[in-house]
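Data block below; observations after.
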Amino acid sequence: MKYTYLLIDFFTIIVPFLFSFHPRLKFHKTWRSFFPAVLITGLVFVLGDVYFTHLGVWGFNPTYLIGLKIGNMPIEEILFFLCIPFSCVFTFHCLNILLKLKLAEKTTNLITYFFIAMGFVGGFYFLDQLYTTVTLFSLALLLIVAKFVLKVNWLDRFFLVYLILLIPFTIVNGLLTGTMLDAPVVWYNSNEIIGIRMLTIPIEDIFYGMNLILLNLLIYLGLEKRLSTDHQN
């Protein structure tokens with residue numbers, strides 16, 4: 001039982017890692033951009049994780065942990081911020097190569113504006129729920145940066161890929177929050193979430209995941225673009 005969270009991390013990353021070297025995919029060729037992105041993003045999220053754990057917004061069931069910690073963070077939780085982004089960015093990379101993912105600009109704009117509006121309205125409405133408000137405000141701000149500051153041209157692909165990623169997300173996050181287990185690996189303080197769940201998954205986790213992957217992609221694709229430009233010059 002104590003290896004549960006560690007095994008979830010392992011099985012999340014092992015297949016994407018092995019297929020990173022596929023001659024058609026060549027994801028390993030982009031690791032020069034991915035690892036700075038995951039380290040920067042991971043630092044931001046781990047620091048937030050440390051603070052939220054300290055406040056009791058969430059915590060970890062020692063039954064499912066090997067017991068190794070850095071500060072108040074189980075090593076499995078820190079590895080989560082490597083394994084999940086790796087598999088998700090790998091998926092984005094692969095689908096970008098294998099499929100012509102595209103939404104009309106008007107549709108992309110409507111989805112973007114919807115999430116920005118939802119982030120601000122929901123963030124203010126649920127000010128008493130710390131996890132909810134921080135997650136929603138963060139999503140709105142990240143989308144503003146992506147859309148209006150960096151003016152990225154891949155938000156349509158991000159929305160479509162994240163929709164696909166909700167399938168493995170439901171499996172992995174379901175296990176972490178207690179689906180098919182006697183107790184959750186990660187528990188949540190009911191005072192800090194709005195209480196709507198998909199199976200055992202707090203609805204906030206869906207938007208938390210969007211934040212995690214979007215920030216990784218903003219840095220990763222930005223570095224890839226810069227390195228490509230430098231190479232051409």
Side-chain angles (χ1 to χ4, degrees), residues 1-18 38-92 126 129-136 138-139 161-216:
M1 295 293 286
K2 68 180 181 178
Y3 294 104
T4 299
Y5 197 172
L6 194 63
L7 287 172
I8 290 171
D9 285 337
F10 174 76
F11 285 114
T12 298
I13 198 172
I14 185 61
V15 173
F17 175 78
L18 293 175
V38 81
L39 287 173
I40 294 168
T41 303
L43 178 61
V44 172
F45 275 79
V46 167
L47 290 175
D49 206 340
V50 167
Y51 185 59
F52 273 23
T53 302
H54 171 72
L55 293 178
V57 173
W58 55 53
F60 308 93
N61 188 337
T63 303
Y64 300 109
L65 306 173
I66 62 174
L68 181 61
K69 289 188 176 184
I70 299 177
N72 65 352
M73 282 294 99
I75 191 67
E76 296 93 337
E77 179 74 353
I78 295 173
L79 290 173
F80 175 92
F81 294 107
L82 166 65
C83 298
I84 297 299
F86 189 100
S87 62
C88 292
V89 174
F90 170 80
T91 302
F92 183 93
F126 295 107
Q129 284 75 42
L130 184 60
Y131 180 35
T132 309
T133 193
V134 169
T135 300
L136 292 178
S138 298
L139 180 59
V161 170
Y162 193 73
L163 186 63
I164 295 168
L165 287 170
L166 285 177
I167 299 171
F169 164 89
T170 302
I171 298 170
V172 171
N173 227 38
L175 288 169
L176 290 176
T177 54
T179 301
M180 296 186 293
L181 296 176
D182 293 334
V185 179
V186 182
W187 55 261
Y188 293 80
N189 184 338
S190 59
N191 294 320
E192 305 297 349
I193 59 176
I194 61 177
I196 299 173
R197 291 183 182 249
M198 183 175 67
L199 298 176
T200 54
I201 304 166
I203 194 71
E204 290 88 348
D205 278 7
I206 295 174
F207 307 113
Y208 184 88
M210 288 183 74
N211 286 329
L212 178 62
I213 305 312
L214 181 55
L215 183 54
N216 268 286

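We number each residue from 1, following the sequence as shown.
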Query raised in the report: Do the non-hydrogen side-chain atoms of L139 and N211 ever get within less than 4.5 Å of each other?
Result: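 The answer is yes, as the side chains (C-beta and beyond) meet within the 4.5 Å cut-off.
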Query raised in the report: Heavy-atom distance under 4.5 Å between the side chains of L181 and Y64, does that happen here?
Result: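 Yes - at least one pair of side-chain heavy atoms lies under 4.5 Å apart.
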Report task. Could I get the full list of ring pair (Phe, Tyr, Trp, His ring centres under 6.0 Å) partners for F52, not counting sequence neighbours? Result ->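 Residues passing ring pair (Phe, Tyr, Trp, His ring centres under 6.0 Å) with F52: W58.
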Query - Expected output: side-chain N216 to main-chain T41 donor-acceptor under 3.5 Å - result: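 A pair under 3.5 Å: no.
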Requested in this report: Using modelled atom types only, decide if a donor and an acceptor are shared between the side chain of T170 and the backbone of L166 within a distance under 3.5 Å.
Outcome: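 Confirmed, T170 side chain pairs with L166 backbone.
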Report task. Using the side chain to side chain contact (heavy atoms under 4.5 Å, CB included) rule, take L165 and F92 through it: C-alpha gap first, then chi angles, then the decisive distance, then the call. Result -> CA-CA 9 Å; L165 287 170; F92 183 93; over 6 Å; no
Requested in this report: Check side chain to side chain contact (heavy atoms under 4.5 Å, CB included) between P16 and all other residues, then give those that pass, not counting sequence neighbours.
Outcome: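 Residues passing side chain to side chain contact (heavy atoms under 4.5 Å, CB included) with P16: F86, S87, F90.
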Mind checking the [atom1]-[atom2] spacing from [X] to [Y]? Nearest 0.5 Å is all I need.
| X | Y | atom1 | atom2 | answer |
| --- | --- | --- | --- | --- |
| F81 | L43 | CZ | CG | 11.0 Å |
| F80 | D49 | CZ | CG | 9.0 Å |
| I171 | L176 | CD1 | CG | 12.0 Å |
| C88 | L212 | SG | CG | 7.0 Å |

Please report, to 0.1 Å, the donor-acceptor pairs under 3.5 Å made by any side chain of residues 192-206, with sequence neighbours excluded.
{"residue": "E192", "atom": "OE1", "partner": "L130", "partner atom": "N", "Å": "2.9"}
{"residue": "R197", "atom": "NH1", "partner": "T200", "partner atom": "O", "Å": "2.6"}
{"residue": "T200", "atom": "OG1", "partner": "G174", "partner atom": "O", "Å": "3.4"}
{"residue": "T200", "atom": "OG1", "partner": "T177", "partner atom": "OG1", "Å": "2.8"}
{"residue": "T200", "atom": "OG1", "partner": "T179", "partner atom": "N", "Å": "3.3"}
{"residue": "T200", "atom": "OG1", "partner": "T179", "partner atom": "OG1", "Å": "2.5"}
{"residue": "E204", "atom": "OE2", "partner": "T132", "partner atom": "OG1", "Å": "2.5"}
{"residue": "E204", "atom": "OE2", "partner": "I194", "partner atom": "N", "Å": "2.9"}
{"residue": "D205", "atom": "OD1", "partner": "Y131", "partner atom": "OH", "Å": "2.5"}
{"residue": "D205", "atom": "OD1", "partner": "Y188", "partner atom": "OH", "Å": "3.1"}
{"residue": "D205", "atom": "OD2", "partner": "N173", "partner atom": "ND2", "Å": "2.7"}
{"residue": "D205", "atom": "OD2", "partner": "Y188", "partner atom": "OH", "Å": "2.7"}

Could you give the side-chain donor-acceptor pairs of residues 1-14 under 3.5 Å, partners two or more places apart or in another chain?
{"residue": "T4", "atom": "OG1", "partner": "M1", "partner atom": "O", "Å": "2.7"}
{"residue": "Y5", "atom": "OH", "partner": "E77", "partner atom": "OE1", "Å": "2.5"}
{"residue": "T12", "atom": "OG1", "partner": "I8", "partner atom": "O", "Å": "2.6"}

Would you mind writing out the side-chain donor-acceptor pairs for residues 69-76 within the sub-3.5 Å range, not counting sequence neighbours?
{"residue": "N72", "atom": "ND2", "partner": "V50", "partner atom": "O", "Å": "3.2"}
{"residue": "E76", "atom": "OE2", "partner": "I66", "partner atom": "N", "Å": "2.8"}

